[in-house]
Amino acid sequence: MKKRAVKPSGSSSDAGDARRNVKSQKKEVTQSRGWLKRGLLAAFVICILAPVTLKTLPGLIQHFVFKHRVSLPFFVDLSRPADFSLNHTINMYLTPEEGISLGVWLTVPESRWKEAQGRELAWYQNALSDGSPVFIYLHGNTGSRAAPHRVGVAKLLSALGYHVLVPDYRGFGDSTGEPTEPGLTTDALYLYDWVKARSGDSPVVIWGHSLGTGVATNAAVKLRERGASFDGVILEGAFNSERQHIPFHPFLWYYWKYPGIGYLFPEPWAENKVVFPSEKNLKKMRSPILFLHSEDDHLVPIQIARQTYEAAASAQGTDRVQLVTFDGSLGYLHNGLYRDPKMPGVLKTFVSSL
């Protein structure tokens, strides 16, 4: 009788455990390799994207603050102001700094429109000394001098008998260069000097709208440091960076405050932040100021306008600083005040007080 071989107890179970251990080890190795690959990929992306981001983000922020790349209306020839019914206007290009060219429209009073037909730039420049007030209109962000509300302001002022210069800052419209706060301020001061050299004793008024109010107050303070001042300042839809976030600055999240983060991700404008300290500027200014604001302004609330006015009035007095508001039911929002029927009277009263 043959004896049956007796298998060692638990040998089948041990073999199964061994196979499972091998599979488990292979799975762990596979997972480890997967994590390693993902880690290397992440490191590669960080190493490549971080420098690119640090290089390009300042430009993106610059665009979103000034929106100078958004040129509305599209497909227009800014060298032809007559295409916008400005038939007593000439286009010119001025150079505030080497390598910077500013596109500017110069409009004479509407009463001289027949005389202006076919005239060259020299005639327009000489006309500035005819004694009529000269306005420099500093527009807001986005678009160019051809935007409908900017054309509307130029027509309104011309109809009242005033000369009007409407520039596009550097980087806007067909002007060259890139916009920065110091650069825009330089542009405004250059235009003032250019006008004063040609306008004789004619009063020069600067009108800033939205972003242009920050440029106007910056320029006014710089001008005062030189011992001069604008004959009058109009601030329409004025923002106040001390009392609200600049309404067109969507990248505040970038200015992180976590300890040590600045070493890895420095602020993109560490040497050239967008500040526009309008309230501080207003306390230093000594020009008559007229604030214009709509009660339904959707970018700068009316209460901000009143607080900004109070800061300016406390520095100069209510006899030199005025606030004119417009009923919110009229729907003017941020750009439409030029359409109001009482605007001509408001402007004439202000100019006559200078």
Side-chain angles (χ1 to χ4, degrees), residues 51-52 54-72 74-81 89-107 120-122 124-125 128 134 136-147 150 164-199 204 206 208-223 225-226 228 230 248-249 251 266-276:
V52 172
L54 291 175
K55 181 71 175 177
T56 61
L57 188 55
L60 289 174
I61 297 178
Q62 184 182 48
H63 165 71
F64 277 100
V65 171
F66 297 109
K67 294 186 174 69
H68 57 293
R69 302 296 186 195
V70 182
S71 296
L72 297 173
F74 299 115
F75 311 116
V76 297
D77 186 349
L78 294 172
S79 69
R80 296 170 53 88
T89 300
I90 195 166
N91 181 74
M92 59 184 177
Y93 295 96
L94 303 178
T95 307
E97 293 179 341
E98 184 177 355
I100 302 295
S101 173
L102 302 184
V104 184
W105 286 344
L106 170 55
T107 301
E120 300 295 333
L121 177 58
Y124 280 85
Q125 293 185 48
L128 290 172
V134 182
I136 301 173
Y137 179 74
L138 303 177
H139 65 63
N141 67 333
T142 309
S144 69
R145 58 194 184 276
R150 294 161 191 164
V164 193
L165 281 86
V166 183
D168 272 322
Y169 314 109
R170 61 187 66 194
F172 286 75
D174 55 355
S175 298
T176 63
E178 292 294 324
T180 64
E181 182 171 350
L184 269 59
T185 304
T186 296
D187 295 344
L189 287 171
Y190 175 85
L191 283 166
Y192 172 79
D193 291 337
W194 187 91
V195 168
K196 287 297 290 183
R198 294 160 177 80
S199 61
V204 179
I206 194 161
H209 172 239
S210 193
L211 173 70
T213 65
V215 180
T217 62
N218 275 0
V221 169
K222 291 290 186 182
L223 196 60
E225 292 172 357
R226 289 162 36 180
F230 297 116
F248 33 79
H249 197 327
F251 277 97
E267 293 180 357
W269 281 355
E271 297 180 357
N272 184 27
K273 298 178 184 177
V274 178
V275 180
F276 292 114

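Start at 1 with the first residue, then count along the sequence.
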(message) With rounding to the nearest 0.5 angstrom, report the OG1 to OH distance, T107 to Y124.
(response) 7.5 Å
(request) Could you grab the distance from atom CG of L184 to atom OH of Y169, nearest 0.5 Å is fine? (result) 6.0 Å
(request) Looking only at non-hydrogen atoms, find the nearest pair between M92 and L121 and report the distance. (result) SD-CD1, 3.6 Å
(message) Let's go through H139 and D168 carefully: what are the C-alpha distance in whole Å and the side-chain angles of both, what is the deciding distance for side-chain contact (heavy atoms from CB on, under 4.5 Å) to 0.1 Å, and is it a yes or a no?
(response) CA-CA 8 Å; H139 65 63; D168 272 322; 2.8 Å; yes
(request) Please list, chain by chain and in numerical order, all residues satisfying side-chain contact (heavy atoms from CB on, under 4.5 Å) with T186, sequence neighbours excluded. (result) E97, R170
(request) Could you check I90, N91, V164, L165 and say which one makes a side chain to side chain contact (heavy atoms under 4.5 Å, CB included) with W105? (result) N91
(message) Show the nearest heavy-atom pair for residues G177 and I100, with the distance to one decimal.
(response) CA-CD1, 3.7 Å
(message) Can you give me the closest heavy-atom contact between S210 and G140, atom names plus distance?
(response) CB-CA, 4.1 Å
(request) Answer whether the closest heavy-atom distance between the side chains of D187 and P167 falls below 4.5 Å. (result) no
(message) So, taking the atom named CG in D193 and the one named CZ in R198, what distance separates them when rounded to the nearest 0.5 Å?
(response) 10.0 Å
(message) Is the ring pair H209/Y137 parallel, tilted or perpendicular, if the boundaries are 30 and 60 degrees?
(response) parallel
(message) To the closest 0.5 Å, what do you measure between CG (L223) and CG (N218)?
(response) 12.5 Å
(message) So Y192 and I206, do their side chains get closer than 4.5 Å, heavy atoms only?
(response) no
(message) Let me confirm one number: the CG-OG1 distance from L102 to T95, rounded to the nearest 0.5 Å.
(response) 7.5 Å
(request) Go through the steps for F276 and T213 under the test side-chain contact (heavy atoms from CB on, under 4.5 Å), then give the verdict. (result) CA-CA 9 Å; F276 292 114; T213 65; over 6 Å; no
(message) Which heavy atom of G173 sits nearest to which heavy atom of S144, and what is that distance?
(response) CA-CB, 3.7 Å
(message) Can you give me the closest heavy-atom contact between N141 and R150, atom names plus distance?
(response) O-NH2, 3.3 Å
(message) Tell me the closest heavy-atom pair linking A219 and L189, and the distance in Å.
(response) O-CD2, 3.5 Å
(message) If you count heavy atoms of other groups shown closer than 6.0 angstrom to CD of E120, is the number above 12?
(response) no
(request) In sequence, state the C-alpha distance, the side-chain angles, and the governing distance for I136 and W194, and then conclude on side-chain contact (heavy atoms from CB on, under 4.5 Å). (result) CA-CA 11 Å; I136 301 173; W194 187 91; over 6 Å; no
(request) In sequence, state the C-alpha distance, the side-chain angles, and the governing distance for L106 and L128, and then conclude on side-chain contact (heavy atoms from CB on, under 4.5 Å). (result) CA-CA 10 Å; L106 170 55; L128 290 172; 3.9 Å; yes
